[in-house]
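Here's the structure, in structure tokens; my notes come after.
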Amino acid sequence: LLDRRATRRGSPLGFETINDTRGSGHLAWIEDRYKLITELDRPGETMLFDLERDPGERDNLAAARPAEVDRLRRALVAWRASCTESRKGL
């Protein structure tokens with residue numbers, strides 16, 4: 001992706017942090033061109049970025065694209081549940 005030989009990820013990518021994120025969400029989901037940053041268990045701002053048009057993540061599109069936020073949030077919830085189930089098997 002960084003050297004422009006590939007333009008798309010093969011599959012979505014999720015992140016969860018437990019440390020201080022200086023005000024941004026503790027969960028992120030990257031799928032296709034979009035990146036969602038949010039909280040699931042506590043209040044916090046939801047942010048949506050179009051990484052193709054805005055690689056610096058300056059323009060939060062969450063209010064303008066609620067359907068995209070909802071779709072990505074559902075995928076993030078499913079991913080997180082899958083991670084929780086996987087940890088039970090450790």
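Residue numbers run from 1 in the order of the sequence given.
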Answer yes or no: is there a side-chain heavy-atom contact under 4.5 Å between Phe15 and Ile37?
no
Test side chain to side chain donor-acceptor pair (under 3.5 Å) applied to Asn60 - qualifying residues, sequence neighbours left out
Glu45
Once side chain to side chain contact (heavy atoms under 4.5 Å, CB included) is applied, do any residues pair with Arg53, and if so which ones, sequence neighbours excluded?
Arg33, Asp50
Output for pair (Arg74 CZ, Leu36 CG), nearest 0.5 Å, gives 11.5 Å
Under 3.5 Å, is there a donor-acceptor pair between the side chain of Ser86 and the main chain of Ser82?
yes
Taken in chain and number order and not counting sequence neighbours, the residues that satisfy salt bridge (Lys or Arg N to Asp or Glu O under 4.0 Å) with Asp54 are none
Those residues that, when tested against Ala75, pass side chain to side chain contact (heavy atoms under 4.5 Å, CB included) (two or more places apart)
Trp29, Glu31
Holding to side chain to side chain donor-acceptor pair (under 3.5 Å), I want the full list of residues that pass it with Arg65, two or more places apart in sequence or in another chain.
Tyr34
Quick check against the 3.5 Å criterion: does Glu57 have a side-chain atom that pairs as donor or acceptor with the backbone of Leu51?
no
CG of Leu72 to OG1 of Thr46: how many Å apart, nearest 0.5 Å?
11.0 Å
Separation between CD1 of Ile30 and NZ of Lys35, rounded to the nearest 0.5 Å
5.0 Å
Could you pull out all residues at least two apart from Arg80 that satisfy side chain to side chain contact (heavy atoms under 4.5 Å, CB included)?
Glu16, Leu27, Leu40, Asp41
Pairing residues for Asp59 by the salt bridge (Lys or Arg N to Asp or Glu O under 4.0 Å) criterion, not counting sequence neighbours
none
